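Reading through the C-alpha cells given below for one structure.
Order of appearance sets the numbers: ligands from 1, and atoms from 1 within every ligand. These figures come from a predicted structure and were not determined experimentally.
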Amino acid sequence: MELKYKTELLGTSDEDIERAAELIRQGEVVGMPTETVYGLAADAFDEKAAEKIFAAKGRPSDNPLIVHISELTMISEIAAELPQLAVTCAKRFWPGPLTMILPKTPKIPSSVSGGLDTVGVRMPSHPAARALINASGVPLAAPSANLSGSPSPTTAEHVMSDMNGRIPAIIDGGECEAGVESTVICFEQDAIKILRPGRITAQMLMEVTPDIRIDKGVLNKVDSSEPVASPGMKYKHYSPKAEVFLIDGTSEQFAKYIAEQDVKNAMCIVFDSSDMGGLKIPFISIGSTAVEQAHKLFSALRDADKNGAKVVFARCPKTDGVGLAVYNRLIRAAAFRVIKL
Ligand code: AMP
Ligand code: MG
C-alpha cells in the first residue's frame, strides 16, 4: 500500500476528538482507543470508508468488522432484529467488551459485514471511543488496528508502528484495559454461543441464560476452506515475527524444558519470574491471573519482536474464565504448536 498520509497523533481533548470526527465524516479512517484493544474506525454506513480499513490493514475482505455505537437507540439502523436475549445482554453488559452478532439492515454495506447477512455490534465503554462516535454522528465500523495477522495493538505506539503513513490520525487514549478483543456471541434460540472469548466470560453470560455454548473454532484449528461462524478465527492471527511455541506443563517442567533447549535468540513468555528457575534467557512476565495475562499478552508478543527474538517459548495458560481468551489468542499466535510436557 502507498504510504500517503503523514499520520497525526491526537489526544483526547474536545478539539482533538472533533478533528478526528471531521476526518471520519470525510470518509477517512482513524485509530481509536477502546477498553479492549485499539481499533481502526470509519463511518459504518460508508462503503468506501470501510474499504479503506481493509486496505490499511491488508485484511481479507471476507473477515467482517464490528460496528460500534454509543447509544442503544443507534442499533435500529444497524440490526434488523433484536431478540429478547440481545436486549437483556445489552442491559447487562453494555457499555462493555461484548459484541453481538445480529441480522443486518440494508444500511450496513456488505464490505462491513464481510459479505454476510449479519453484523457484529458493540457499545464500547472507553470515553474517547464514545466521544468519537458521538462527535462523528454515525456508528463506527472498527476492527483491531494492527496489520492483518499481527498482534492487536494495546497502545497508540503499537498502532503507530503498524499504521504510520496508512491512516491520517490516531487518538492516543493510553493503554487499553482489557488487552484482548471483545467477546463475540451469537444467539441460538434461548442459548448463547461464544464465537470468540474475551473479558466477558461464559460464567458471566450464564447470568442471562443457563445455556452457554462454545464454538469449536475457539479451541481448535479451523481449516481455511471450512465455513466458520467467526471468520476472524480461520486466519493466521496475533502472530509476532518470531516462531511461538506453547509449552504445556508445570513451572518446574517449563524451566527444565527451557534449560535443555539450544536455540539462539530465544525468549520466554512466563507468568512469573519464578517460572524461569533462575535461567539466564530473556523473558517477559505477563502475570499470574488471567486478567493480567490478557492485559499484557499482545504487548509481550510485540516486545519479543522488538528484542529480535526468533523463537518464543510461552507457558500455556489455563482455559477457565478470562483464561479462555488468553489461550485462544496464544494458541493462534503459536500456529497451534503445543508441546505437552
Ligand atoms: P477484529 O476486531 O479485528 O478482531 O475483527 C472483528 C471480528 O469479529 C471478526 O474477525 C469476526 O471474527 C467477528 N465478527 C464480526 N462480524 C461478524 C459476523 N457478522 N459474524 C461473525 N463474526 C463476526
Ligand atoms: Mg483483529
Side-chain angles (χ1 to χ4, degrees), residues 29 31-42 44 50 53-69 75 78-81 86 97-105 108-124 126 129 139-154 158-159 162-163 176 178-188 192-200 213-218 222 224 226-240 294 297-298 301-302 325 328-329 332-333:
V29 176
M32 164 178 85
T34 82
E35 71 277 22
T36 57
V37 300
Y38 273 75
L40 277 188
I53 296 179
F54 285 88
K57 278 182 69 86
R59 182 175 178 116
S61 61
D62 65 348
N63 192 359
L65 312 177
I66 291 171
V67 177
H68 294 71
I69 58 174
I75 207 167
I78 300 163
E81 276 165 53
L98 183 74
T99 297
M100 302 196 253
I101 306 302
L102 297 164
K104 79 173 194 73
T105 61
I108 294 295
S110 75
S111 58
V112 168
S113 68
L116 300 170
D117 52 12
T118 54
V119 60
V121 193
R122 169 167 116 78
M123 188 192 287
H126 196 293
L140 299 180
S144 53
N146 51 286
L147 288 171
S148 189
S150 297
S152 298
T154 56
H158 295 161
V159 183
D162 281 18
M163 290 297 145
C176 301
V180 284
E181 305 83 349
S182 58
T183 304
V184 178
I185 59 167
C186 66
F187 301 98
E188 295 181 336
I192 289 177
K193 188 189 246 184
I194 298 178
L195 305 180
R196 178 176 75 181
R199 267 287 284 272
I200 306 283
R213 304 168 185 178
I214 296 182
D215 189 74
K216 80 174 202 316
V218 167
V222 184
S224 59
E226 260 179 74
V228 56
S230 183
M233 291 286 144
K234 77 180 176 191
Y235 292 105
K236 177 170 174 285
H237 228 133
Y238 317 117
S239 310
L297 175 66
F298 286 138
L301 292 171
R302 283 178 180 261
N328 169 272
R329 305 311 191 275
R332 282 173 168 78

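- Counting heavy atoms from C-beta on, the side chains of Val180 and Phe298 come closer than 4.5 Å.
- Checked by atom type and distance alone, the side chain of Ser144 never pairs as donor or acceptor with a backbone atom of Asn146 at under 3.5 Å.
- In this structure, CZ in Arg329 is found 8.0 Å from NE2 in His237, a value given to the nearest 0.5 Å.
- What you find for Pro151 and Arg302 is that their closest heavy atoms are O-NH2, 2.7 Å.
- Inspection of the Thr99 and Ser182 side chains reveals an N or O donor paired with an N or O acceptor under 3.5 Å.
- The line from CD1 of Ile185 to CD1 of Ile192 is 4.5 Å long, rounded to the nearest 0.5 Å.
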If you look at each N/O of ligand 1, which protein N/O atoms lie under 3.5 Å away, and at what distance?
from     : atom 1 : to     : atom 2 : distance (Å)
ligand 1 : 2 (O)  : Ser144 : N      : 3.4
ligand 1 : 3 (O)  : Arg59  : NH1    : 3.0
ligand 1 : 3 (O)  : Ser144 : N      : 2.9
ligand 1 : 3 (O)  : Ser144 : OG     : 3.0
ligand 1 : 4 (O)  : Arg196 : NH1    : 2.5
ligand 1 : 5 (O)  : Arg59  : NH2    : 2.8
ligand 1 : 10 (O) : Arg59  : NH2    : 3.3
ligand 1 : 10 (O) : Asn63  : OD1    : 2.6
ligand 1 : 10 (O) : Gly232 : N      : 3.4
ligand 1 : 12 (O) : Ser230 : OG     : 2.5
ligand 1 : 12 (O) : Gly232 : N      : 3.1
ligand 1 : 19 (N) : Thr118 : O      : 3.4
ligand 1 : 19 (N) : Thr118 : OG1    : 3.0

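- Using a 4.5 Å heavy-atom cutoff, the side chains of Pro231 and Leu116 are in contact.
- The existence of a salt bridge linking Arg122 and Glu181 is excluded, since no basic side-chain nitrogen approaches an acidic carboxylate oxygen closer than 4.0 Å.
- Near the Mg ion (ligand 2), less than 2.8 Å away, sit the protein N, O or S atoms Ser144 OG.
- Here the shortest heavy-atom pairing between Val112 and Val67 reads CG1-CG2, 3.8 Å.
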